[in-house]
Engineer: 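Sharing a structure below in structure tokens format, with a few things to ask.
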Amino acid sequence: MGKIIGVALAAGLMGGLLMGTARPAQAGVTLDAVRQRGHVTCGVNTGVAGFSLPDSKGNWTGLDIDLCRAIAAAVFLDPSKAIFVPTTAVQRFPAVQSGEIDVLTRNATQTLTREASLGLHMTGVNFYDGQGFMVPKKSGVKSLKQLGGATVCVQPGTTTELNLADYARANHMELKPVVIERVDDDISALSSGRCDAFTTDSSQLASLRVTAMPQPDDWLILPELISKEPLGPMVRNGDDQWLNIVKWTLLAMIQAEELGITQANVDEKTKSPNPEVQRFLGVTAGNGQALGLDEKWAYTIVKAVGNYGESFERNMGKGSPIKLDRGLNELWTRGGLMYALPLR
Ligand SMILES: N[C@@H](CCC(=O)N[C@@H](CS)C(=O)NCC(=O)O)C(=O)O
């Protein structure tokens with residue numbers, strides 16, 4: 001008998017060592033503050049259709065807006081408990097560092113120095129992008145190689161500005177940056193001919209071409225991309241639980257797409273016999289407790305904003321004026337890079 005108990009204890013210990021001991025999350029500083037305040041505060045951009053844009057009534061839409069609403073859905077089971085704080089590229093990191101915002105959901109590229117020296121944590125990628133250039137069609141420029149000697153509008157505090165300098169140097173080209181902080185002013189400078197070209201992440205060029213240019217057909221996005229721009233949410237260092245909540249909220253949106261769970265069928269799916277679906281939707285408990293959230297966290301995310309693919313299509317894909325292809329943002333099972341880590 002003693003031997004059996006000993007074996008069972010040893011097996012339990014081994015299991016604990018191999019699997020890690022299950023410990024529910026302690027409420028961290030950020031989650032406590034967010035709960036007490038009654039809403040999550042997200043830094044977003046000041047207005048790039050597809051990512052985040054307010055309408056005349058102050059209703060925000062976009063991929064980054066959906067992500068913020070998804071975080072509110074996970075924490076409060078209510079996507080309306082999200083406040084959006086517009087930030088320029090220069091303002092965004094100090095806003096996270098100072099605690100003015102709980103999370104940055106604003107087309108921010110994940111880089112080593114941003115993580116290692118700005119006191120920020122990258123929590124995943126919600127859009128794989130690359131830096132491009134837009135020129136007036138009438139200039140006759142069809143390739144980046146023809147831009148030698150050009151003035152190029154660019155926003156300060158961005159990877160865009162750094163890549164532009166690198167590209168010019170590596171290719172022995174003269175590209176004269178015209179550094180302008182506000183995107184509206186960049187667009188005006190481009191339209192008035194003060195800059196020969198405008199450079200930023202190519203998804204933003206696609207968006208600005210159709211939403212900010214009165215005659216989109218007068219503008220050409222050059223075929224070359226000069227960088228990798230993995231865009232995703234960032235949080236402050238030092239609060240692992242909050243980092244986990246943001247990270248797994250994004251992964252839940254991707255996982256819902258992998259599992260074929262949509263805003264329309266999520267209720268039906270709660271009756272699914274599939275254990276993975278049951279765990280995901282909180283029919284089987286565990287994930288919520290591990291994150292310090294209600295077990296309905298992921299169900300509420302999908303109910304509120306849909307899965308990643310639905311959010312993409314609505315905001316920048318076929319259901320939007322921007323009409324971007326999924327490209328790298330397609331699921332890994334269909335040739336893209338979107339891949340949910342196991343939610344278990
Ligand atoms: N992904 C790049 C660029 C991000 C960026 O700030 N892009 C500008 C160019 S359109 C933007 O979003 N502007 C909107 C704004 O200033 O609100 C980065 O993280 O540095």
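Counting convention: from 1, in listed order, for ligands and their atoms alike. Remember, it's a predicted structure, so these values are computed and weren't measured experimentally.
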Engineer: Between E161 (side chain) and G157 (backbone), is there a donor-acceptor pair under 3.5 Å?
Structural biologist: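 Answer holds: yes.
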Engineer: Where the closest heavy atom to atom 7 (N) of ligand 1 is concerned, which of E181, M234, E229, Q204 has it?
Structural biologist: Q204
Engineer: Return yes if some donor-acceptor pair links the side-chain N/O of Q131 with the main-chain N/O of S227 below 3.5 Å, else return no.
Structural biologist: no
Engineer: Of all the atoms in ligand 1, which lie at a distance below 4.0 Å from a heavy atom belonging to T160?
Structural biologist: 3 (C)
Engineer: Side chain or backbone of T159 under 4.0 Å from ligand 1, or both, or neither, by non-hydrogen atoms?
Structural biologist: both
Engineer: Indicate yes or no for a side-chain donor-acceptor contact from K228 to the backbone of D129 under 3.5 Å, with no hydrogens or angles considered.
Structural biologist: no
Engineer: Does a side-chain N-to-carboxylate-O contact under 4.0 Å join R334 and E257?
Structural biologist: yes
Engineer: Are the aromatic rings of F127 and F51 close, with centres under 6.0 Å apart?
Structural biologist: yes
Engineer: Distance to the ring centre below 6.0 angstrom and angle to the axis at most 45 degrees; does that hold for R114 and F93?
Structural biologist: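 Not satisfied by the 6.0 Å and 45° rule.
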Engineer: Are V266 and F76 connected into the same hydrophobic cluster when the rule is that any two of I, L, V, M, F, W, Y join if their side-chain heavy atoms are below 4.5 Å apart?
Structural biologist: yes
Engineer: Considering only heavy atoms of A89, which atoms of ligand 1 have at least one such atom less than 4.0 Å away?
Structural biologist: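 Counting from 1, the qualifying ligand atoms are 6 (O).
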Engineer: Do D78 and K81 meet the salt-bridge criterion of a basic N to acidic O distance under 4.0 Å?
Structural biologist: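 Looking at D78 together with K81, the answer is yes, because their closest N to O distance falls below 4.0 Å.
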Engineer: Assess R106 for proximity to ligand 1: is some non-hydrogen atom of it under 4.0 Å away?
Structural biologist: yes
Engineer: Flag T46 as yes when one of its N or O atoms lies below 3.5 Å from any N or O atom of ligand 1, and as no otherwise.
Structural biologist: yes
Engineer: Any Lys/Arg nitrogen of R37 or D102 sitting under 4.0 Å from an Asp/Glu carboxylate oxygen of the other?
Structural biologist: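 Result for this pair is yes, salt bridge flagged.
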Engineer: Using non-hydrogen atoms of the residue, decide whether T87 is closer than 4.0 angstrom to ligand 1.
Structural biologist: yes
Engineer: Which ligand 1 atoms does L231 reach within 4.0 Å, using its non-hydrogen atoms?
Structural biologist: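 Matching atoms, with element in brackets: 1 (N).
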Engineer: Looking at R92, which atoms of ligand 1 are within less than 4.0 Å of one of its heavy atoms?
Structural biologist: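 Counting atoms of ligand 1 from 1, those under 4.0 Å from R92 are 4 (C), 18 (C), 19 (O), 20 (O).
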Engineer: Please identify which atoms of ligand 1 are closer than 4.0 Å to at least one heavy atom of A108.
Structural biologist: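 Checking each atom against A108, I get 19 (O).
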Engineer: Below 4.0 Å, non-hydrogen atoms only: which portion of D201 touches ligand 1? Side chain, backbone, both or neither.
Structural biologist: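 Answer for D201: side chain.
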Engineer: Show me which atoms of ligand 1 lie under 4.0 Å from any heavy atom of V48.
Structural biologist: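 Under 4.0 Å from V48, ligand 1 has these atoms: 14 (C).
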Engineer: Among D64, T199, N107, L205, which one has a heavy atom closest to atom 5 (C) of ligand 1?
Structural biologist: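 When every heavy atom of D64, T199, N107, L205 is considered, N107 comes closest to atom 5 (C) of ligand 1.
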Engineer: Quick check: does Q155 get an N/O under 3.5 Å from an N/O on ligand 1?
Structural biologist: yes
Engineer: To the closest 0.5 Å, what do you measure between OG (S203) and CG (N315)?
Structural biologist: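 S203 OG to N315 CG: 12.0 Å, rounded to 0.5 Å.
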Engineer: Any heavy atom of R114 closer to ligand 1 than 4.0 angstrom?
Structural biologist: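 Yes, R114 has heavy atoms under 4.0 Å from ligand 1.
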